[in-house]
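Since the structure comes first, as structure tokens, the remarks are kept for the end.
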There are 2 protein chains.
Amino acid sequence: MTLRYTGMNFLVNRPAMNHPIPKLQELRAACSNCSLRELCLPIGLSIEDLNALDNLVSVRKRVKRGGFLFRDGDDFQALYAIRTGFMKSTVITEDGRDQVTGFHMLGEIVGLDGIGSSKHSCDMVALEDSDVCVIHYENLEDFTQRLPQLQLNLHKIMSREIVREHGVMLLLGSRDADERLAAFLVNLSQRLKLRGYSPTEFVLRMTRAEIGSYLGLTFETVSRLLSRFQADGVIEVNQKNIRIQNLEALKDLTRRASCN
Amino acid sequence: MTLRYTGMNFLVNRPAMNHPIPKLQELRAACSNCSLRELCLPIGLSIEDLNALDNLVSVRKRVKRGGFLFRDGDDFQALYAIRTGFMKSTVITEDGRDQVTGFHMLGEIVGLDGIGSSKHSCDMVALEDSDVCVIHYENLEDFTQRLPQLQLNLHKIMSREIVREHGVMLLLGSRDADERLAAFLVNLSQRLKLRGYSPTEFVLRMTRAEIGSYLGLTFETVSRLLSRFQADGVIEVNQKNIRIQNLEALKDLTRRASCN
DNA sequence: CGACACCTTGAAGAGGTTCAAGAAATGTGG
DNA sequence: CCACATTTCTTGAACCTCTTCAAGGTGTCG
């Protein structure tokens, strides 16, 4: 079987949810038909509400690999739901250093950083050709006024982002390099599993440097640790291809009590 | 002038916004009269809306120093607006290590972590006797349905928390110890200034260990750095009392380009 | 006043960074 | 489609920042 490019080939074992390349007239999104709706903003909405939502999420946008969905300083206009692809968010300092603050995959909502100040405060870069639903924010505010469930969903999404970041802070503040990288791999694995992909075999869409930036490590350290995990028989690495041999061992690494 | 205890004596130079000890019958909150409303949830609400809000935020709660406002695992019931006092939030790992994820002062909303999963995912501990307005979440959802401005405010507050955490991630992931501590002091200074307090002279309500936990450093490192900043003439330290001698130098420390 | 928590400072040690060099993969243009 | 440039990755060795361990000092509260 030869697969056409679907924008989801950052995954190895593709399940039965391939999307064909959308034709232009299909670029209109439709939450009611979307296979991701149980992961996304419309979680648990009724049929009627879903139909209403289709009028809100009416545009899609493609971002080529390496392209920006939005940039630090851009006026905030919309939230974006990732349909296919993979993205990273980065914050930049005055002196030019930057830090990856998150990796985002299908079904996730990005752009939440812009609501507070009406400007985006990070860059959102596609790590592979990506396809997003554009959720115009002013319209969304109107919709949430009428759909309490939608409002709740939005609040939950934002709250979960806050909790996710708590986890990253814990990682960066209290764990050593092994634990950070192990936690990163386990997290990726779990998110892929939730989307129906293999939790043990996948392709990293980001470079070692990007992983390092996210984890507060240098790319050399990431590279060395991947090699060591492989030597220990926990994972198998081949360039960007990862196969987790012993998921339990990896999970143990993330919670290894270092006697304090 | 001898001041009665107002729950705000973590600050040195008190401006003209002292609250008397609330008598029991005064424990009913009133956003419409609150001097903090320009920092808090009701920012920019009309008079009518403010009056409506008074029915939402109808309870106050006191938390003694060292007490918990809520704990990891508690059912999520409400958000809390800090009226007086000072708090820290901490997340805990399975192996018992914990990390401070934030320090919170008057006018700030805490508890946002609980919305996503209906359970709180961190501890919220009072670092001094504190007084909070209880915003029952179900009621809040009803109110935001009717008050678009209130909904927007809530979204902005959550978005800003996300952005704040981006900043902490940057701090923990990309900066050395000097830069972290300098950034911490500058941040405290700015938040105090916003509330009408002296930005250059204040009392730390947290221990060196808590600062260290927040910044991903040991308490010894924090202690050493405070001493060094003092030796460099940037600040003056006397136990928990801080006087910033050279705010610009401190700000420079936070953005010192280390040539990469 | 004594117990306890908190803070300071020193010295040794370790984990991760930096610098460096080469290999492998990827992309580009003719 | 191949050659070349560029990016990415791996691995080693020296170094450095921050941690760990330790001991003594200071402040606070019952």
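Labels below follow one simple rule: chain letters A, B, ... track the order of the sequence lines, proteins then strands, and each chain is numbered from 1.
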> Axis-to-axis angle across the helix from C:dC1-D:dG30 to C:dG30-D:dC1, five pairs an end, to 10 degrees?
Replying inline: 60°
> Roughly how many Å is it from CZ in B:Arg180 to P in D:dC18, rounded to a whole number?
Replying inline: 8 Å
> Mind checking what makes side chain to side chain contact (heavy atoms under 4.5 Å, CB included) contact with A:Ala182, not counting sequence neighbours?
Replying inline: A:Phe229, A:Leu250, A:Leu253, A:Thr254
> Sequence neighbours excluded, which residues qualify as side chain to side chain contact (heavy atoms under 4.5 Å, CB included) partners of B:Asp74?
Replying inline: B:Phe70, B:Arg71, B:His120
> C:dA24 P sits how many Å from A:Asn241 CG, rounded?
Replying inline: 17 Å
> Pairs in or reaching into residues 215-227 of chain A: which pass salt bridge (charged side-chain N to carboxylate O under 4.0 Å, His left out), with residues at least two apart or in two chains?
Replying inline: none
> Sequence neighbours excluded, which residues qualify as side chain to side chain contact (heavy atoms under 4.5 Å, CB included) partners of A:Thr221?
Replying inline: A:Ala177, A:Leu217, A:Thr218, A:Leu225
>> Between P on C:dA5 and CD1 on B:Ile211, what's the gap in Å once rounded to a whole number?
In response: 19 Å
> So what does A:Gly66 hit on the nucleic acid, given a heavy-atom distance under 4.0 Å: a base, only sugar-phosphate, or nothing?
Replying inline: nothing
> B:Leu215 has an atom CG; how far is it from atom C1' of D:dT19, in whole Å?
Replying inline: 15 Å
> Across the strands shown, which category fits A:Gly212 at heavy-atom distances under 4.0 angstrom: base, sugar-phosphate, nothing?
Replying inline: nothing
>> How many whole angstroms separate atom CG of A:Leu225 from atom C1' of C:dT17?
In response: 13 Å
>> Suppose we screen for side-chain hydrogen bond (donor to acceptor under 3.5 Å, both in side chains). Which residues come up paired with B:Tyr214, at least two apart in sequence or across chains?
In response: B:Arg164
>> Listing request: all side chain to side chain donor-acceptor pair (under 3.5 Å) pairs with a residue in residues 99-110 of chain B, at least two apart in sequence or in separate chains.
In response: A:Ser174-B:Gln99, B:Ser89-B:Thr101, B:Ser89-B:His104, B:Glu108-B:Arg191, B:Glu108-B:Arg195
> Rounded to the nearest Å, what distance is computed from the CG atom of residue B:Leu181 to the C1' atom of nucleotide C:dT8?
Replying inline: 15 Å
> Can you check the B:Leu172 CG to C:dG16 C1' distance for me, whole Å?
Replying inline: 16 Å
> side chain to side chain contact (heavy atoms under 4.5 Å, CB included) with B:Lys119: which residues, sequence neighbours excluded?
Replying inline: B:Asp75, B:Ser117
>> Taking only side-chain N and O atoms of A:Arg65, does any of them lie within less than 4.0 angstrom of OP1 or OP2 on C:dG27?
In response: yes
> If the sugar-phosphate is the primed atoms plus P, OP1 and OP2 and the base is the rest, what is the B/S/- string for nucleotides 4-13 of chain D, using protein heavy atoms under 4.0 Å?
Replying inline: -----SBBBB
>> Output the rounded distance in Å from CD (B:Gln230) to P (C:dT8).
In response: 9 Å
> Using 4.0 Å as the upper bound for N to carboxylate O, is an ion pair formed by A:Arg60 and A:Asp131?
Replying inline: yes
> Does A:Glu165 reach the side chain of B:Ile162, with side-chain heavy atoms less than 4.5 Å apart?
Replying inline: yes
